[in-house]
Amino acid sequence: MTAQAAESRDLAVVIGLEVHVQLETDTKIFCGCSTEPAEEPNTNTCPVCLGLPGALPVLNEGAVEAAVKVGKAIGASIPEETAFHRKNYYYPDLPKNFQITQYDAPICQDGVLEFGHEGERRSVGIRRAHLEEDPGSIKHVREGTESLEARTCSIDRADYTLIDYNRAGTPLMEIVTEPDFRDPAEVRAFLEKLEEVLEYLGVFDPTRDGSLRIDANLSVVDAEDVDADGEIDEDVLEEANRTEVKNISSHKGAEQALSFEASRQKKLLESGRAVAQETRHFNETHGNTVAMRSKEEEKDYRYFREADLPPLQVSDWKDEIEIPELPDARRERFQAEYGLSAEAASKLTSTKQVADFYEQLAREYDADLVATWVADNLLGELNYRDMDVTDIEDRLEEIATLVELVAEEEITAKNARETVLRGMLDDGDDPKTIVDREGLGKTSGDAVQEAVEEAIEENPDAVEDYHSGEDGAINFLVGQVMQKTGGSADPGEVNGLLREELEG
Amino acid sequence: MSDSAVDSDEVRHVADLARVDLAEEELERFAEQFGEILDAFETLDEVPEIERESDLVNVMRPDEVRDSLDQEQALQNAPEDEEGFFKGPKVS
């Protein structure tokens, strides 16, 4: 876009994404080294992922399966034949001096992802999604006598680098969208949906460090060049200078980085200056983007076919590999099958784990009661503690037991949430221990009757007040009984029993 | 012998990409050598086509963990290492 002074220009933002997700496999993409995070550096490596001479890559079938699942979920086509390329660049995180990736024949092409944003359905085109290997991880370090941790610093202050190749060769999928986003908030909603879908497919673990990394291209065009349906002429896009923002690692970071970048570009254009076509680095601490030294152009990567990996012909896997019911479909089914509100269904399908847990319980107990328990009580109390279901995934059986106690009316809903659930989350106790310790089990009729008789015997003054027509006295006695039964008796029932006893 | 296939500017660019520092006089020399190497490839055009085995497809392995090298083995060819890491010069 040329730099013409036009203060009152109405500007529109255009964003496209390259999202790198780590695929959940047991082993690396081209060798049998484990992908489990290791305590010690360089302990999950072998001649292949260290790039030692003569070592040959062999493709992990699990990574291909995961890629096909992703393709299926986004309605992409899996081409007859797909192949790998070498992308050449020199950087110490790449032991071979090239990265094995896919270039002109990616495994997934032309997909689409729908998501909700501000009450509207949005749909973003996925141009391609391809498999590649992750590089290793680099530490920038200063000389000195302090601990390594204390000497780890930013790239420009470093004296040397230390490299750990444990991560090198981890399977990644790079998902490239069309430039269909018009607003940074949309990007965030898209990423949330993408993670949700990938998690449902069982190919992605958002809790893993570095499992999601985003590069975003952003340019600003005249608003009048955007059609009513949001389409923009390709020539206009081609002409507009765009920046590529790197180093984004979260949904929130994406929105923040792109909001900053959008207003930076708008300000430049509004003051009659030009936007430089460049790569910028997102600084999460400062919430801004800074220009990076210009890197290679695409042709400098000298892509060529990876002759050590024969091509893949897996288009028929699309029919053979099953994928689970995806979040949108499940949400709709939950509303229809369990009569849930849209809001409850949405909360209960937020992750596959929550949805599975809900269904497991809803089959046994009242679906409404279970919905309240999982969506409101459990997720609410977890959220309050900044916890996630994944933090208690080994305790879901205990939660199920608690729901059973409520469903079978063995304890009151109030006690269950306020005492048992909170105690479970705060102190790690199991529900039955808490119920026994606090004496919360709904007291049997005999015990209530006993407490009623005791209360009458111990409080002659209140009994007298009752008989002389002071109606407040009965409330005092009900309170006494409730105390004796640890709050587990039904106050209405106690009231009736007391009156019976006093009148009798 | 080709004199236009590779010039010294191209050699400089490729050397920069490979982070190799070449002196001016080396650029000329390498340009000439690259030209000769590329010419040599043309000889391949004279190789007659022969029958060959059909290409492999779908060569994959199951997603099963195999033993990795231990840290000491992994680092044994490294000129320098520190606290289990490979050590290298600073980068930009």
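Chain A is the first sequence line, chain B the second, and so forth, proteins listed ahead of strands; every chain is numbered from 1. Basis for what follows: all heavy atoms, side chains included, without hydrogens, waters or symmetry-related copies. All of these numbers come straight from a predicted model, not from anything done at the bench.
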Taking ring pair (Phe, Tyr, Trp, His ring centres under 6.0 Å) as the criterion, tell me which of A:Tyr103, A:Tyr301, A:Phe98 meets it with A:His85.
A:Tyr103

Side chains of B:Leu22 and B:Phe30: does their closest heavy-atom pair fall under 4.5 Å?
yes

Strictly by salt bridge (charged side-chain N to carboxylate O under 4.0 Å, His left out), give each pair with a member in residues 301-312 of chain A just once, sequence neighbours left out.
A:Arg86-A:Glu306, A:Arg86-A:Asp308

Looking only at non-hydrogen atoms, find the nearest pair between A:Arg167 and A:Gly136 and report the distance.
NH2-O, 3.6 Å

Is the distance between the ring centroids of A:Phe84 and A:Phe304 less than 6.0 Å?
no

Taking the side chain as everything from C-beta on, heavy atoms only, tell me whether A:Tyr303 gets closer than 4.5 Å to A:Asp104.
no

A:Asp215 vs A:His20 side-chain heavy atoms within contact, under 4.5 Å
yes

Within-4.5 Å side-chain heavy-atom neighbours: A:Trp317 and A:Ile78
no

Is A:Leu309 close to chain B through its backbone or its side chain, or both, or neither, when contacts mean heavy atoms under 4.5 Å?
neither

Selection from A:Ile138, A:Val64, A:Val58 maximising heavy-atom pairs under 4.5 Å formed with chain B
A:Val58

Mind ranking B:Gly84, B:Ala74, B:Gly88, B:Ala78 by heavy-atom pairs under 4.5 Å with chain A and telling me who comes out on top?
B:Gly88

Suppose a student defines contact as a heavy atom less than 4.5 Å from any heavy atom of chain A. Which residues in residues 55-65 of chain B would they list?
B:Leu56, B:Val57, B:Asn58, B:Val59, B:Met60, B:Arg61, B:Pro62, B:Asp63, B:Glu64, B:Val65

Decide whether A:Asp205 and A:Ser211 meet the rule of one side-chain donor and one side-chain acceptor closer than 3.5 Å.
no

May I have all residue pairs that pass side chain to side chain donor-acceptor pair (under 3.5 Å) and include part of residues 156-165 of chain A, sequence neighbours excluded?
A:Arg151-A:Tyr160, A:Ser154-A:Asp156, A:Tyr160-B:Glu82, A:Asp164-A:Asn166

For chain B, which residues from residues 43-50 of chain A have at least one heavy atom closer than 4.5 Å to it?
A:Thr43, A:Asn44, A:Thr45, A:Cys46, A:Pro47, A:Leu50

Under 3.5 Å, is there a donor-acceptor pair between the A:Thr101 and A:Glu133 side chains?
no

A:Lys28 versus chain B, heavy atoms under 4.5 Å apart: side chain, backbone, both or neither?
backbone

